[in-house]
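A short worksheet on the structure shown next.
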Amino acid sequence: MSNSNTTREVSCFTRFLWFVAGADIEMLSLCPLDYKKYEAIGMTILMTSLVGFAAGSSAAWYFTEDALWTLVFGLFWSLLIFSIDRSLVVTLKKDPYKKSYYVLPLVFRGFLAILVAGIMSIPLELLVFNGFIQNDIENYKSDLLKQQHQDSFDAQQAAEYDSKSKSLDQLLKSESNKKDDIITAINDKRSERQREANMLNHPNTTTYNNAQASANGLQRQLNELYSLSNSDYRRNRIPGLRSQISHQRSVMASERNAWNSKVNARISELDNEIAQLSDALRVAKENIARTDREKQRVDSTSVSYQARAEESLNKTDERFRNGNNFTLYYAVLAHAIYKTHKVTHERMGTDGKTYTYETEEFVNKDFMFLLWFIRAMFFVIELLPSIVKVVSKAGQYELRVYHQEEELKKYLHSQEYQDYCYKMLHGDNQLEMDLQAQRHDAEKKVQHDIIQAIINAEESVAKDSIDNWEKLEKGKMLVRNGVL
């Protein structure tokens, strides 16, 4: 079978992808069954290089904001990534006659892929999380201030006065609540005093009520006697009724005096309590005024120290601005992603009691998952060419490369090659050397033709087997459909 039946014309782009994949173009062109695999490997390496160009350009733009340097560094970085990825694939060779899992080579390549993928993923991370970063910049600056100046005098004083201000604020609220309670108590006491005052001369006792009822009844009887005509009964009855009425009114007056005495005593007691509460209200107002003045002084001092600390922070911001946003944004992203807070949990103990405990948990778990997903994606992309070459079965191209290398090994260990080296070292004549070289070239050509014939025969057998299988399946289909 001729080469025209085993190879086909390939485009320049396909040959370029083969070159990117690190394959021998002339040898691979004789192995059409491996075209697609090496095209895929080359495309993966090429896409990784393009991503590396984007990553390098983005980083350079953050640093310089100059188009020329951005382009130059982007090209340099893409070529570096291309060289690394291509070397990873080229140096990974397979023995088609051995079942090897290539664990150790993949471990080393995986470690390198982690480093490269981590660097390449940063620009995309900054792009995806740009809004998240912008929202957290102020928090980052605040936390950075606390971290950088936690031992400085200004920061310590600002924190101390801020703590004093919070304590005074709590005290001010407490005094204000106390004042409100006193005012409420004074109002209640005054209302109670008014109720007591309204009860003066209005006793509510059984003795007084009975005496009043009796006096009213006797008065009615007396009025009825006055309406009668003058008689001995009328004259004898009136003095007795008047005496009884006078007695009942005396009882009422005595009860009223006793009642008023108790009410006046309660009113006097309430006046004393109101006076004491008024003094307490005056003290509370003085305490509030004094605490408010102290809080204003502490706040003013705290603002002064805070301004000095902010000045230090502004210097840090200026260093970031004079440096580059790339470093700042990455630091802000790391600060926001790995921020934690304490979460309180409850659990039931073996004794039946409920116990509480605290754990540190990440605040932005979803964003952390997305961040590591992006990094994992770049890691897979970076390692994909090596994985494709490892997991795929050895094809025509691998067989050719393997046989060619084996033949070369045999020749290098042969007596002929040793004689050749001996003659080269001892300066034999050039004619003998040329003959040896011609003989070697002729043997290589014969070996190449033999290998080519074997491969062509294998392809022919495979094609015949496929044709026979296709005819057999078509026959089965016709039988099932009732045609035959």
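Starting from 1, each residue takes its place in the sequence as its number.
Classified by interplanar angle (parallel below 30°, tilted 30° to 60°, perpendicular above 60°), the ring pair Phe73/Phe76 is tilted.
Across all non-hydrogen atoms, the minimal contact from Pro203 to Asn209 is O-OD1, 4.3 Å. Closest approach of Ser78 and Ser49 over heavy atoms only: CB-O, 3.3 Å. Scanning all heavy atoms of the two residues, the minimum distance from Val20 to Phe82 falls at CG1-CE1, 3.5 Å. Across every non-hydrogen atom of Arg15 and Ile25, the tightest pair is NH1-CG2, 3.0 Å. Across all non-hydrogen atoms, the minimal contact from Ile245 to Ala215 is CG1-O, 4.3 Å. A pairwise comparison of heavy atoms in Ile45 and Ala21 identifies CD1-CA, 4.2 Å as the closest pair.
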Side-chain atoms of residues 283-293: list all donor-acceptor pairs with protein atoms under 3.5 Å, sequence neighbours left out, distances to 0.1 Å.
from: Glu286; atom 1: OE2; to: Arg282; atom 2: NH1; distance (Å): 3.3
from: Asn287; atom 1: OD1; to: Arg290; atom 2: NH2; distance (Å): 2.3
from: Asn287; atom 1: ND2; to: Val283; atom 2: O; distance (Å): 3.3
from: Thr291; atom 1: OG1; to: Asn287; atom 2: O; distance (Å): 2.7
from: Asp292; atom 1: OD2; to: Gln296; atom 2: NE2; distance (Å): 3.1

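Going from atom OG of Ser214 over to atom CZ of Arg249 covers 11.0 Å, rounded to the nearest 0.5 Å. Note: Ile182 CD1 to Asn187 CG = 12.0 Å, rounded to the nearest 0.5 Å. Once rounded to the nearest 0.5 Å, the distance linking CD1 of Ile41 with CG of Asp85 reads 12.0 Å. Interatomic distance, Phe53 CZ to Ile81 CD1, rounded to the nearest 0.5 Å: 13.0 Å. The CD atom of Gln248 sits 10.0 Å away from the CG atom of Asn216 when rounded to the nearest 0.5 Å. For the atom pair CD of Glu255 and OG1 of Thr205, the computed distance is 4.0 Å after rounding to the nearest 0.5 Å.
No side-chain donor-acceptor contact under 3.5 Å links Ser246 to the backbone of Arg242. Panel note: side chain Ser87, backbone Ile84; a donor-acceptor pair is recorded below 3.5 Å. Between the side chain of Ser243 and the main chain of Pro239, no donor-acceptor pair closer than 3.5 Å is present.
Counting heavy atoms from C-beta outward, Phe19 and Arg86 have side chains that approach closer than 4.5 Å. Counting heavy atoms from C-beta on, the side chains of Tyr38 and Thr14 never come closer than 4.5 Å. In this structure, the side chains of Leu333 and Asp136 stay at 4.5 Å or more apart for every pair of heavy atoms. Contact check for Ile267 versus Val263: side-chain heavy atoms found under the 4.5 Å cut-off.
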Handout entry: Criterion side chain to side chain donor-acceptor pair (under 3.5 Å) on Asn198 and Gln194, from CA distance to verdict
Key = CA-CA 6 Å; Asn198 293 335; Gln194 184 61 42; 3.1 Å; yes
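Counting only N and O atoms by type, the side chains of Gln219 and Asn223 include a donor and acceptor under 3.5 Å apart.
Residue pairs meeting the side-chain hydrogen bond (donor to acceptor under 3.5 Å, both in side chains) criterion with at least one partner in residues 173-183, sequence neighbours excluded, do not occur; the list is empty. For residues 195-209, no pair satisfies salt bridge (Lys or Arg N to Asp or Glu O under 4.0 Å), with sequence neighbours left out. Sequence neighbours left out, the pairs with a member in residues 259-280 that pass side-chain hydrogen bond (donor to acceptor under 3.5 Å, both in side chains) are Lys189-Glu273, Glu192-Arg266, Arg193-Asp271, Asn201-Asn260, Arg266-Glu269.
With sequence neighbours left out, Met47 forms a side-chain contact (heavy atoms from CB on, under 4.5 Å) with Met43, Leu50. Thr44 pairs by the side-chain contact (heavy atoms from CB on, under 4.5 Å) definition with Thr48, Leu384, Pro385, not counting sequence neighbours.
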